[in-house]
A.B. asks: 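Before I ask anything, let me first share the structure, which is written out below as structure tokens.
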Amino acid sequence: MSETFGERVYWLVAQIPFGQVASYGQLALLAGSPGASRAVGNLMRNSLGRAVAWHRVINSRGGISSKGDFERAELQRMLLEGEGVEFNRRGLCSLERFGWNPEAFSWES
DNA sequence: GGTCTGACTAGGT
DNA sequence: AACCTAGCCAGAC
């Protein structure tokens, strides 16, 4: 495959259904680079201008990871709540309930 | 083309 | 449950 890791991640993010969330590590795994979770985070941070549902990407505990940018974090949570995702009092949502379980797919197709 | 940077994570205190 | 640490890796510079 000639496409970059980043391009595959963006494609994956576009597949996350309304009202569901995926973790950085999960996307890294699906994109073919298990362990590249931090790289996924950097992609979301460096490409906020893109028309992608970046707000559906959260950390492995079900929380929002944009420390240092509270406005963005609050926006992300607001967008998710607008899609029906519920957060507990500690700012975590249930991956069991809202986590994305993608159909099996291949990069060939 | 070498370094630096983290919207990460699992594991241990 | 909150906090720390050491690996991790693609992309930015």
Side-chain angles (χ1 to χ4, degrees):
Chain A
M1 51 185 103
S2 57
E3 54 197 344
T4 67
F5 171 78
E7 291 172 323
R8 293 198 293 276
V9 170
Y10 286 123
W11 181 84
L12 286 167
V13 171
Q15 311 310 305
I16 306 173
F18 182 96
Q20 293 191 265
V21 296
S23 75
Y24 301 94
Q26 177 182 12
L27 294 178
L29 179 67
L30 292 172
S33 291
S37 48
R38 302 188 78 165
V40 172
N42 283 336
L43 283 172
M44 296 301 104
R45 180 173 55 78
N46 297 324
S47 320
L48 290 177
R50 291 207 183 203
V52 296
W54 55 270
H55 61 279
R56 299 188 187 140
V57 185
I58 62 178
N59 65 36
S60 64
R61 299 173 346 220
I64 290 171
S65 297
S66 44
K67 301 172 179 169
D69 193 337
F70 294 97
E71 286 191 16
R72 201 92 57 184
E74 189 146 344
L75 170 61
Q76 180 169 8
R77 174 167 176 164
M78 190 182 68
L79 288 170
L80 288 175
E81 291 181 324
E83 297 190 2
V85 177
E86 300 167 19
F87 289 85
N88 64 24
R89 84 193 111 184
R90 249 175 282 140
L92 302 179
C93 69
S94 168
L95 291 176
E96 188 64 32
R97 294 174 56 193
F98 306 107
W100 178 40
N101 301 310
E103 304 289 326
F105 62 86
S106 147
W107 287 112
E108 303 287 334
S109 112

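When reading the values below, keep in mind they use all heavy atoms of this one structure, side chains included, and skip hydrogens, waters and symmetry mates. Here the structure is a predicted model, which is why all the values come from computation and not from measurement.
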A.B. asks: Could you tell me whether A/Glu81 atom CD has more than 12 heavy atoms of other residues or ligands within 6.0 Å of it?
C.D. replies: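 More than 12 heavy atoms, drawn from other residues, nucleotides or ligands, come within 6.0 Å of this atom.
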A.B. asks: Specify the separation, in whole Å, of atom CZ of A/Arg38 and atom P of C/dA6.
C.D. replies: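 Answer to the nearest Å: 13 Å.
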A.B. asks: Taking only the side-chain heavy atoms of A/Asn59 (C-beta and beyond), determine which of B/dT9, C/dA10, B/dC8 contains the nearest atom.
C.D. replies: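 Ranking B/dT9, C/dA10, B/dC8 by closest atom to the A/Asn59 side chain puts B/dT9 first.
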A.B. asks: Atom CD of A/Gln26 to atom P of B/dA10: distance rounded to whole Å?
C.D. replies: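 Roughly 12 Å, once rounded to whole Å.
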A.B. asks: What I'd like to find out is whether the side chain of A/Met44 reaches to under 4.5 Å of the side chain of A/Val9, using heavy atoms alone.
C.D. replies: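 In short, these two side chains touch, coming nearer than 4.5 Å.
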A.B. asks: With heavy atoms under 4.0 Å as the rule, sort A/Arg61 into base, sugar-phosphate or nothing.
C.D. replies: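 Nothing, no nucleic acid heavy atom in range.
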A.B. asks: Just by modelled atom types, is the A/Val57 backbone N or O under 3.5 Å from a matching donor or acceptor in the A/Gln76 side chain?
C.D. replies: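 Indeed, once roles are kept as given, a pair shorter than 3.5 Å links the two residues.
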A.B. asks: Quickly work out the A/Leu27 CG to B/dG6 C1' distance and round it to whole Å.
C.D. replies: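 Value for this atom pair: 17 Å.
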A.B. asks: Distance check, rounded to the nearest 0.5 Å: A/Ile58 atom CD1 versus A/Ser23 atom OG?
C.D. replies: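 Answer for the CD1-OG pair, A/Ile58 versus A/Ser23, is 7.5 Å.
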A.B. asks: Tell me whether the OP1 or OP2 atom of C/dC9 has a side-chain N or O from A/Ser33 closer than 4.0 Å.
C.D. replies: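 Checking C/dC9 against A/Ser33, no side-chain N or O comes under 4.0 Å of OP1 or OP2.
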A.B. asks: Would a 4.5 Å heavy-atom cut-off, applied to side chains only, mark A/Val40 and A/Phe5 as touching?
C.D. replies: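 Answer yes - side chains close enough.
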A.B. asks: What integer distance in Å separates A/Arg89:CZ from C/dA1:C1'?
C.D. replies: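 So the two atoms are 12 Å apart, to the nearest Å.
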A.B. asks: Find the distance between CG (A/Leu43) and CG (A/Leu27) and round it off to the nearest 0.5 Å.
C.D. replies: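 Here the rounded value is 10.0 Å.
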A.B. asks: Between atom CE in A/Met44 and atom C1' in B/dA7, what is the gap in whole Å?
C.D. replies: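 Rounded to whole Å, this separation is 9 Å.
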A.B. asks: Nearest whole Å is fine: how far is C/dA2 C1' from A/Arg90 CZ?
C.D. replies: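 Those two atoms, CZ and C1', are 10 Å apart.
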A.B. asks: Please classify the nucleic acid contact of A/Ser37 as base, sugar-phosphate, or nothing, using heavy-atom distances under 4.0 Å.
C.D. replies: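 Base contact.
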A.B. asks: Whole angstrom is fine here: how far is it from CG in A/Leu30 over to C1' in B/dC8?
C.D. replies: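 The distance from CG of A/Leu30 to C1' of B/dC8 comes to 15 Å, rounded to the nearest Å.
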A.B. asks: Show me the protein contacts with nucleotides 11-13 of chain C, counting only N or O atoms at under 3.5 Å.
C.D. replies:
residue, atom, partner, partner atom, Å
C/dG11, OP1, A/Gly6, N, 3.0

A.B. asks: Would you check if A/Leu30 and A/Pro102 make a side-chain contact, meaning some heavy-atom pair closer than 4.5 Å?
C.D. replies: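 Contact flag for A/Leu30/A/Pro102 side chains = yes.
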A.B. asks: Within this structure, what is the CD1-to-C1' distance between A/Ile64 and B/dG6, rounded to whole angstrom?
C.D. replies: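 Distance, rounded to whole Å: 18 Å.
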A.B. asks: When you check the phosphate oxygens OP1 and OP2 of B/dC8, does a side-chain N or O of A/Ser60 lie under 4.0 Å from one of them?
C.D. replies: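 The answer is no; no side-chain N or O of A/Ser60 sits under 4.0 Å from OP1 or OP2.
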